[in-house]
Protein chains: 2
Amino acid sequence: MGKAVSKKGEQPSVDKTNFETLNEFTGYHLKRATNMMMSDLNATLKPFELRLLSYTALVLIVDNPRIRMSQLAAAMDVERPNMVVIVDALESRELISRQRLETDRRAYALNITLAGRRLYEKATVAVRAHEERLTRQLDAQTRDKVIEAMKLIRKIGELRTHETYN
Amino acid sequence: MGKAVSKKGEQPSVDKTNFETLNEFTGYHLKRATNMMMSDLNATLKPFELRLLSYTALVLIVDNPRIRMSQLAAAMDVERPNMVVIVDALESRELISRQRLETDRRAYALNITLAGRRLYEKATVAVRAHEERLTRQLDAQTRDKVIEAMKLIRKIGELRTHETYN
DNA sequence: AAATATTGGTTATAAATCATAACTAATTAT
DNA sequence: ATAATTAGTTATGATTTATAACCAATATTT
């Protein structure tokens, strides 16, 4: 049997687009779902005037008090000049503070402020809801499997190219 | 018991960065692994002078002979003006051809050329190897589970925001 | 200890990516 | 016939990401 052919002659691609090759690629599905999630995440963060990167920075500063800018940049795989912009914005909103390190007077220790922590708490509630909403269909077990798979992919990839987190 | 504390006093974040909060988020792992894969994919495509979007366009044109530019743009979730650039580049390399449609003289039918198909074949061999390399650790069953999970996430998300494929 | 190299942070700027507005020509709807 | 919509295009703007060069401070070398 050949492939199904539409009755009305041959306008093969005017109706439904055929994704058969792309559908074979894991990377394609990953990219599509990730774009979806990131777009929804940014919408989720908008009310807090945060974005993927600024929220991620907040989280890492909460989890790593007195972290340095360069360590933060490395953790997020963001170029240092771009990190400056993110940190400036958070600091000018008084969500975080810069403190000169006594031990190394080149560097700053970044800390969350009270206002920063409050915003972090509220935003994180929203982010958890966003996560829950988008992964509701997955039972806990498949969710864990997915995460394990992602970790594996990352680990393998790290041996080759150098990933960035944008 | 409190959290573990390093012996040598309190420089909590000078050594290893703590990702505990981020690690809870499925989206975080998805984004990281996807960035990894996309970076490796682009490296894979570089020898063919193709990129994610131009390769994707090639694939879709192969799978959808006589597809129109606007349909292609919609399929890839790329703005039409940006699609023009991609198609121009492919056409100027004579990998695809534009043909005026007799039935609708505004539109073009895009087709793969012989050279285009050859490049497509070679690039796809490389892409499959890249996929195989990065997902080798996953047994077929988990790989399928991951893909199903991605489809679910996308479906849920589509009810809310509108994803883009970049 | 002096000279040199490296690091943390910064500025300026360039490159790359992505989105919007406005237009022509052709088609479809009123 | 007129109006509205669609396909493709151009020009351009906004956003995002990367690069080069610099200062001050620290670390390394000799």
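All of these numbers come straight from a predicted model, not from anything done at the bench. A, B, ... follow the sequence lines: proteins, then strands. Residue 1 opens every chain.
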Between [X] ([atom1]) and [N] ([atom2]), how many Å, whole number?
{"X": "Leu72(B)", "N": "dG8(D)", "atom1": "CG", "atom2": "P", "value": "10 Å"}
{"X": "Asn42(B)", "N": "dT17(C)", "atom1": "CG", "atom2": "C1'", "value": "12 Å"}
{"X": "Met38(A)", "N": "dC18(C)", "atom1": "CE", "atom2": "P", "value": "16 Å"}
{"X": "Met76(A)", "N": "dA18(D)", "atom1": "CE", "atom2": "C1'", "value": "16 Å"}
{"X": "Asp77(B)", "N": "dT17(C)", "atom1": "CG", "atom2": "P", "value": "18 Å"}
{"X": "Asp104(B)", "N": "dT24(C)", "atom1": "CG", "atom2": "P", "value": "19 Å"}
{"X": "Gln99(A)", "N": "dG8(C)", "atom1": "CD", "atom2": "C1'", "value": "17 Å"}
{"X": "Leu110(B)", "N": "dG8(D)", "atom1": "CG", "atom2": "C1'", "value": "11 Å"}

Handout entry: Among dT17(C), dT26(D), dA26(C), the nucleotide that comes nearest once only the side chain of Arg51(B) is considered
Key =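 The closest nucleotide is dT17(C).
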Handout entry: Listed partners of Thr124(B) passing side-chain hydrogen bond (donor to acceptor under 3.5 Å, both in side chains), at least two apart
Key =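 With sequence neighbours excluded, Thr124(B) shows a side-chain hydrogen bond (donor to acceptor under 3.5 Å, both in side chains) to Tyr55(B), given in chain and number order.
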Handout entry: Asp63(A): which of Asn23(B), Thr21(B), Asn18(B) passes side-chain hydrogen bond (donor to acceptor under 3.5 Å, both in side chains)
Key =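 Answer to the side-chain hydrogen bond (donor to acceptor under 3.5 Å, both in side chains) test with Asp63(A) among Asn23(B), Thr21(B), Asn18(B): Thr21(B).
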Exercise for the section: Any chance you could list the contact pattern along nucleotides 9-14 of chain C? Use B for base contacts, S for sugar-phosphate-only contacts and - for none, protein heavy atoms under 4.0 Å, 5' to 3'. Expected result: SBBB--
Exercise for the section: Provide the full list of salt bridge (charged side-chain N to carboxylate O under 4.0 Å, His left out) pairs with a residue in residues 83-98 of chain A, sequence neighbours left out, each pair given once. Expected result: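 Found Asp88(A)-Arg98(A), Glu91(A)-Arg98(A).
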Exercise for the section: Mind jotting down which residue pairs meet the salt bridge (charged side-chain N to carboxylate O under 4.0 Å, His left out) criterion with at least one end in residues 134-147 of chain A? Sequence neighbours excluded, please. Expected result: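 Sorted result for residues 134-147 of chain A: Glu132(A)-Arg136(A).
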Exercise for the section: Could I get the full list of side-chain contact (heavy atoms from CB on, under 4.5 Å) partners for Lys151(A), not counting sequence neighbours? Expected result: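 Applying side-chain contact (heavy atoms from CB on, under 4.5 Å) to Lys151(A) gives Ile147(A), Glu148(A), His29(B).
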Practice task
With sequence neighbours left out, write down each residue that passes side-chain contact (heavy atoms from CB on, under 4.5 Å) with Gln137(A), or none if nothing qualifies.
Solution key: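 Here the qualifying residues are Leu152(B), Ile156(B).
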